[in-house]
Amino acid sequence: MLFDTHAHLLDERFDGEREDIINALPSNGVGAYCEIGYDIKSSINATSLANKFEYVYASVGVHPHDTDSLTEDDLNTIKNLCKEEKVVAIGEIGLDYYYDNSKRENQRFWFDRQLSLAEEINIPITVHTRDAMADTIDILKCHKNAEGIIHCYSGSKESAKILLDMGFFISFAGPLTFKNASTALEVAKYVPSDRMLIETDSPYLAPVPYRGKRNEPSFVAEVAKRLSEIRGISFEEVSLLTFENAKNVYRIK
Ligand code: NI
């Protein structure tokens with residue numbers, strides 16, 4: 001069974017099919033997945049979804065895109081959601097200097113605040129970082145007790161080394177299967193077997209051979225297949241390792 005550590009099935013592209021897709025996950029080889037919140041509403045809805053399905057977990061937090069409008073009250077809502085049993089992380093949080101949908105100073109401020117909250121209540125984080133690796137690492141370094149995942153890792157091997165030394169897990173998504181994935185391939189070879197994770201980031205970033213289509217958690221098998229080729233181990237071994245790692249990082253018993 002596979003663990004898709006990062007998906008957004010609450011996206012409107014799944015409207016009308018969501019529950020059928022989730023019900024079919026175990027028969028499609030997916031034993032668990034984490035629904036990732038990106039703003040307050042999606043964080044509340046992710047929690048409700050996780051409460052409905054045994055093998056669905058939730059992560060709650062505000063994406064860098066939405067930090068311009070974030071308030072201390074919102075942060076308190078996140079804190080309260082973290083008390084729910086199925087909420088396993090704060091995220092996705094981080095920095096996105098590619099789209100710059102929110103002011104960079106606001107992105108940095110709320111990344112830092114959400115990291116402090118994660119440390120205060122001792123819950124893992126899931127980090128989104130795009131075109132902002134240096135600042136991401138600088139801010140993470142100020143939060144020595146923060147633990148968790150760098151999702152859809154797209155950085156260099158050198159940055160991966162720094163993040164691994166800080167204790168983070170590295171999660172691979174669809175881009176690992178793309179033809180131009182030379183840096184990702186290098187990182188996928190390098191990450192220790194007890195720190196690698198797989199994800200889809202559904203509905204985005206569908207892996208080959210579904211590239212360009214709506215992604216869904218069962219396609220995580222393509223990421224696992226590619227990882228098994230790159231590392232020269234069996235698909236079953238990748239499944240077992242990444243499932244166990246996902247349980248470890250999300251502290252699922
Ligand atoms: Ni995401």
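When a ligand or atom number is given, it counts from 1 through the structure's own listing order.
The minimum distance between the Ni ion (ligand 1) and any N, O or S atom of Asp201 involves atom OD1. Looking only at its N/O/S atoms, Glu92 has OE2 as the one nearest to the Ni ion (ligand 1).
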Exercise. Do Glu199 and Ser171 pass the side chain to side chain donor-acceptor pair (under 3.5 Å) test, and can you show the C-alpha distance, the side-chain angles, and the key distance before you say yes or no?
Worked result: CA-CA 7 Å; Glu199 65 168 284; Ser171 184; 2.9 Å; yes
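Here His6 reaches the Ni ion (ligand 1): one of its N/O/S atoms is less than 2.8 Å from the metal. Within the 2.8 Å limit, His63 places no N, O or S atom next to the Ni ion (ligand 1).
The CD1 atom of Ile162 sits 8.0 Å away from atom CG of Asp165, with the distance rounded to the nearest 0.5 Å.
Phe219 and Met196 are not part of a single hydrophobic cluster, where members link through side-chain heavy atoms under 4.5 Å apart.
No close placement of the His65 and Tyr38 rings is indicated, their centers lying 6.0 Å or farther apart.
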